[in-house]
Amino acid sequence: EAGVTQFPSHSVIEKGQTVTLRCDPISGHDNLYWYRRVMGKEIKFLLHFVKESKQDESGMPNNRFLAERTGGTYSTLKVQPAELEDSGVYFCASSHLRGSEQYFGPGTRLTVT
Amino acid sequence: GENVEQHPSTLSVQEGDSAVIKCTYSDSASNYFPWYKQELGKRPQLIIDIRSNVGEKKDQRIAVTLNKTAKHFSLHITETQPEDSAVYFCAAFPSRNAGNMLTFGGGTRLMVKP
C-alpha cells in the first residue's frame with residue numbers, strides 16, 4: 001500500500017509569490033489533515049477534510065492560505081502571496097476513520113526568501 | 001483548546017540506557033495519545049499510542065503510560081540503541097465534540113551515543 005505522498009519535497013520562493021502544495025492521501029482514507037511545523041516548533045494543525053468537505057479549518061493562519069480537495073481525493077494547499085513567516089515544513093496526514101491512526105506524508109519544506 | 005507540553009526538548013543517553021519523555025495535556029476530554037518518531041529527513045511515524053481507557057501499553061522496548069487524573073503521559077524506551085536517535089512528538093486527540101486535530105507537543109530530540 002502506498003503511503004501519503006506530498007509534492008514538491010522542497011520549494012524556495014520569493015516573498016509575494018504563490019506556491020501550491022499537493023498531498024495524495026492513502027487510497028480510501030476519507031480524512032485528510034494539513035499540519036505545519038515552523039522553525040523547529042511544534043507541529044500545528046491547519047485544517048481537516050472529510051472527503052471533499054472542510055470539516056475544521058480553525059488552524060489556518062489567515063486568508064492567504066487556501067486548501068481544496070475537489071473530488072475528495074488529493075488536496076492542494078495554496079499560499080498567495082507568500083510571506084517570510086510562512087516558511088516551514090508542511091505535513092499532510094490521512095486516516096481512515098476519525099480518531100484512528102493518522103499517517104503522515106514526508107512533508108514539503110517551504111522556504112520564503 | 002488543547003495544549004500539550006513536552007519535556008525535555010533534548011535528551012542525550014548512552015546506548016543501553018533508558019530514556020523517558022514526558023507530556024502533559026490540558027483538556028481532560030482528550031482520549032487518544034499517539035507518539036510519533038521522526039528521523040532526520042523522514043516522515044513522522046507512529047510508534048505507539050494509548051487510549052484513555054488504558055493506563056499502560058508496551059511494545060517490545062517502548063512503553064507508554066497515561067495518568068488521566070494528572071493529565072500526563074510518558075514514553076519509555078529501554079535498552080536504547082543508536083537507531084532510536086530521532087525527534088519524538090507526543091500528541092493528544094480530542095473527544096468527539098472538541099475538534100478533529102492532533103495537538104502536538106514541542107518535540108524531544110533524543111540522541112543515543114554508541
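Throughout, protein chains are lettered first and strands after them, A, B, ... in sequence-line order, and every chain is numbered starting at 1.
- More than 12 heavy atoms of other shown residues, nucleotides or ligands fall within 6.0 angstrom of atom CD in Gln14(B).
- By the criterion of side-chain heavy atoms lying less than 4.5 angstrom apart, applied directly or through intervening Ile, Leu, Val, Met, Phe, Trp or Tyr residues, Val89(A) is not grouped with Ile13(A); the two fall into different hydrophobic clusters.
- Residues Val4(A) and Val50(A) are members of separate hydrophobic clusters, defined by side-chain heavy-atom contacts under 4.5 angstrom among Ile, Leu, Val, Met, Phe, Trp and Tyr.
- Both Tyr88(B) and Ile62(B) sit in one connected hydrophobic cluster of ILVMFWY residues. Membership requires side-chain heavy atoms under 4.5 Å apart, directly or through other members.
- Environment of CD in Glu79(B): sparse, with no more than 12 heavy atoms of neighbouring residues, nucleotides or ligands closer than 6.0 Å.
- With hydrogens and angles disregarded, no donor-acceptor distance shorter than 3.5 Å links the side chain of Arg43(B) to the backbone of Gly3(A).
- Both Phe93(B) and Tyr35(A) sit in one connected hydrophobic cluster of ILVMFWY residues. Membership requires side-chain heavy atoms under 4.5 Å apart, directly or through other members.
- Annotation: side chain of Ser58(A) is in contact with side chain of Met101(B) (closest heavy-atom distance under 4.5 Å).
- Residue Phe7(A) qualifies as open at atom CZ: its count of foreign heavy atoms under 6.0 Å is 12 or below.
- Hydrophobic clustering (side-chain heavy atoms under 4.5 Å, transitive across Ile, Leu, Val, Met, Phe, Trp, Tyr) groups Leu32(A) together with Val79(A).
- Here the side chains of Glu42(A) and Phe89(B) are not in contact, with every heavy-atom distance at 4.5 Å or above.
- Contact between Pro44(B) and Phe104(A) at its shortest, heavy atoms only, is O-CB, 3.5 Å.
- A heavy-atom distance below 4.5 Å is found between the side chains of Arg37(A) and Gln38(B).
- Neither the backbone nor the side chain of Ser9(A) comes within contact range of chain B; no heavy atom of the residue lies under 4.5 Å from a heavy atom of that chain.
- Distance OH/Tyr36(B) to OH/Tyr103(A): 9.0 Å, rounded to 0.5 Å.
- With a threshold of 4.5 angstrom between heavy atoms, Arg51(B) approaches chain A through side-chain atoms but not through N, CA, C or O.
- Heavy atoms of Ser100(A) lying under 4.5 Å from chain B belong exclusively to its backbone.
- The most heavy-atom pairs under 4.5 Å with chain A, out of Leu102(B), Val87(B), Leu46(B), come from Leu102(B).
- Counting heavy atoms from C-beta outward, Phe45(A) and Thr103(B) have side chains that stay 4.5 Å or more apart.
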